[in-house]
Protein chains: 2
Amino acid sequence: MTTIKDVAKLAGVSTATVSRVMNGTGYVNPSTKKKVNSAIKQLDYRPNDVARSLFKGKSKMIALFVPDIMNPFFPELARAVEDVTNHHGYTFILCNTDDEIEKEQTYLNALQQKSVDGIIIVSSTITKELISKIKIPIIALDRIIGANMSSVTVNNREGAREAVRYLKSIGCQRIAHICGPDHVINTAERMKGYLDEVKDEDWFLSSYIVSGEYYFQTATQAMKKLLTVHPEIDGIFVGNDLMGVGVLKGAKELGIRVPDELSVIAFDGIMLGETTTPSLTTMAQPIYEIGARAAEMLLEQINDSKYQSKREEFTVQLIERQSTRKRGESIDR
Amino acid sequence: MTTIKDVAKLAGVSTATVSRVMNGTGYVNPSTKKKVNSAIKQLDYRPNDVARSLFKGKSKMIALFVPDIMNPFFPELARAVEDVTNHHGYTFILCNTDDEIEKEQTYLNALQQKSVDGIIIVSSTITKELISKIKIPIIALDRIIGANMSSVTVNNREGAREAVRYLKSIGCQRIAHICGPDHVINTAERMKGYLDEVKDEDWFLSSYIVSGEYYFQTATQAMKKLLTVHPEIDGIFVGNDLMGVGVLKGAKELGIRVPDELSVIAFDGIMLGETTTPSLTTMAQPIYEIGARAAEMLLEQINDSKYQSKREEFTVQLIERQSTRKRGESIDR
DNA sequence: AAATATTATGTAACCCGTTACATCTAAAGC
DNA sequence: GCTTTAGATGTAACGGGTTACATAATATTT
């Protein structure tokens, strides 16, 4: 490995001068600069980032915590974060936490020891206490963690309300909800939105809410059980798209026609929902945008010493596809 | 940040002794060890990995290059690599290359400057020349790059043959192929396998091969055009699952019943293929396993100075789902 | 008891950049 | 012509670990 010393020797200057040329700092005579640059080129010299990091205490690396990259919601988020940070010269570290606090703890320690410059966290388990010990800039993504920590989220509750109102608007009379697992904060928010719209309906039953645990298969099972017990259900608001396609599968297996007999609307707007037939109507999050925005906020926080934490909330948007009846179409039973 | 000096001072020893205790190297008196460990605990000291890396020239980080993590084939691969390497104390860096050689070049430089210990590469564009300049251990995954570079792949050609033979065995008379983009090596291999089985059939036409570019929508379009021109086609071998579900979508849109009128088999075995109705019959790669194996091989190569490069090929496995007729069932037209 | 081996610990160089500080030259100001 | 200032460059400390080498204290061998 060629070092700055080799360059200095070849150019006939000190390492300090080479460093100045590379970083564009301090005074350097144009002719000297030329000599140094040609030496750099000649040796194909590239500075050792580790040495730099050691001195600066910064590594030009950022990390993203996700529960599991195999969950189809996260790749797009990861891509967005990587794009933005890579564009600014940062290296992107991915950590699958499985929402286990021990893993999160371990990752936090490791990253801190590596002088990682910032972390974006999607987590339902991590606590403010765990994070408060860390001096690294952190942004909460998709879920709010602490009171004074920056976050980028979507209006889950209002989005859920909108979804349910949409089902009503196309004529659904009995609307059920397949929710996510308890420990995920979104689950509660989306359920609240659902309840906002249905709790005062005379037909509403608490047994209209069942959990699909954010899994495809679990959602299929839950849906089948639900529709067997409550065949009167003609609309389902599903907590996320992955479960949404699970519900579509369940409907097929039960011989229930979607959207003629049952309308299904989900939440997230991942690509998966476009691949099924019928395709899945959904409340789409601007996934790439929120990931990119979180990355930008993190970079701001890294570079601005007087950065003030902030919360940004994006809005979800209805995408009408084929799993819901069209407004005004007659009900076909 | 507490440093090794703080620990040394508190324990009343030199930094060398602290280092010995931490690393379990050299001689240390048990009572001294106890003092040092208690000082470490008392100060909640964690060594600075950057300083370590600088001295050792190793960073305990590995990287994975994928074209695009949003392609549903890669998250599982990434997860496997992260699991294995994380288990061995490595930090996982993810790089989306978009199969652009400039990006790959940039990443390679950046990673080298960061003393990354090893790289796993999925790429159709990268060249041996580009890599040969790098002294970092590298494993090619899913695709072979250079002659003397370790790789983990699957038997694409034989798997493709098997897929086509399966279509024949269930009674398909006219079998088409929707292939991937030219520049991807797998495309050629899988096409060869297809040709091995059909090129001598009297019904075979070169127009039975069309490209879906590994995109969902492109595959849908390609399939619709194909079946419009060649309505006699009753079986399609599709280059990957993502395009496979695109084909299923296209069939629905054309009103072609799958599997009654058309049998579809794809390649990959990603979860997406389970979510559709009908679910997708496929030649499944052991995705997690090949990712994990590549990671293990990389670690071997990192730790074993006399490591010999090797190639390992996994076999794909037929998963019969609903998009193909069952053997022996009558053809229903 | 002397010679040798083993255990224990410290000193300082090293990894490779960055930058504060010192030094020196040449141009500008008076 | 002398002082001041800007421009140019070098020296060396620093960041925080690791380890070769030196030294010292015990333990073992003969």
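This structure is a prediction, so every number in the text was calculated from the model and none was measured. Worth knowing before you read on, the calculation uses all heavy atoms, side chains too, and leaves out hydrogens, waters and symmetry mates.
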Taking the side chain from [X] and the backbone from [Y], do they hold a donor-acceptor pair closer than 3.5 Å?
{"X": "A:Ser150", "Y": "A:Arg311", "answer": "no"}
{"X": "B:Asn29", "Y": "B:Ser31", "answer": "yes"}
{"X": "A:Lys135", "Y": "A:Lys133", "answer": "yes"}

Just N and O in the side chain of [X]: are any of them under 4.0 Å from OP1 or OP2 of [N]?
{"X": "B:Tyr27", "N": "C:dA8", "value": "no"}
{"X": "B:Thr15", "N": "D:dT18", "value": "no"}
{"X": "A:Thr25", "N": "C:dT18", "value": "no"}
{"X": "B:Asn23", "N": "D:dT18", "value": "yes"}

Just checking [X]: base, sugar-phosphate only, or nothing, at a heavy-atom cut-off of under 4.0 Å?
{"X": "A:Thr17", "answer": "sugar-phosphate"}
{"X": "B:Ser19", "answer": "base"}
{"X": "B:Met1", "answer": "nothing"}
{"X": "B:Val18", "answer": "nothing"}

Let me spell it out: for each of B:Thr32 and A:Thr2, pick the nucleotide of DNA chain C with the closest heavy atom. Which residue's pick is nearer the 5' end?
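Taking each residue's closest nucleotide, the earlier one in sequence belongs to B:Thr32.
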
Could you work out which one of C:dG17, D:dT19, D:dT9 sits closest to the side chain of A:Ile4?
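Looking only at side-chain atoms, A:Ile4 lies closest to C:dG17.
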
Atom-to-atom span, [atom1] of [X] to [atom2] of [N] - whole angstrom:
{"X": "B:Arg20", "N": "C:dA12", "atom1": "CZ", "atom2": "P", "answer": "15 Å"}
{"X": "B:Lys5", "N": "C:dG10", "atom1": "NZ", "atom2": "P", "answer": "15 Å"}
{"X": "B:Lys114", "N": "C:dC16", "atom1": "NZ", "atom2": "C1'", "answer": "15 Å"}
{"X": "B:Lys9", "N": "C:dG10", "atom1": "NZ", "atom2": "P", "answer": "14 Å"}

Scan residues 33-61 of chain B against DNA chain C and write down, sorted by residue number, each residue with any heavy atom closer than 4.0 Å; if none is found, say none.
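B:Leu54, B:Phe55 - these, ordered by number, are the residues of the stretch whose heavy atoms sit under 4.0 Å from the strand.
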
Could you walk me through whether B:Glu100 and B:Thr125 pass the side chain to side chain donor-acceptor pair (under 3.5 Å) test, one step at a time?
CA-CA 7 Å; B:Glu100 288 174 18; B:Thr125 45; over 6 Å; no

Helical bend (five base pairs per end, nearest 10°) for the helix from C:dA1-D:dT30 to C:dC30-D:dG1
40°

Of B:Leu64, B:Ile131, B:Ile139, which meets side chain to side chain contact (heavy atoms under 4.5 Å, CB included) against B:Ile121?
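Answer to the side chain to side chain contact (heavy atoms under 4.5 Å, CB included) test with B:Ile121 among B:Leu64, B:Ile131, B:Ile139: B:Ile131.
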
Checking side chain to side chain contact (heavy atoms under 4.5 Å, CB included) against A:Gln105, which of A:Ile126, A:Leu130, A:Thr127 comes through?
A:Leu130

Any ion pair linking A:Lys60 and A:Asp117 (charged N to carboxylate O, less than 4.0 Å)?
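So A:Asp117 does not pair with A:Lys60 through a salt bridge.
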
Pair B:Ser124-B:Arg143, side chain to side chain donor-acceptor pair (under 3.5 Å): steps then yes or no:
CA-CA 7 Å; B:Ser124 297; B:Arg143 301 160 201 199; 2.7 Å; yes

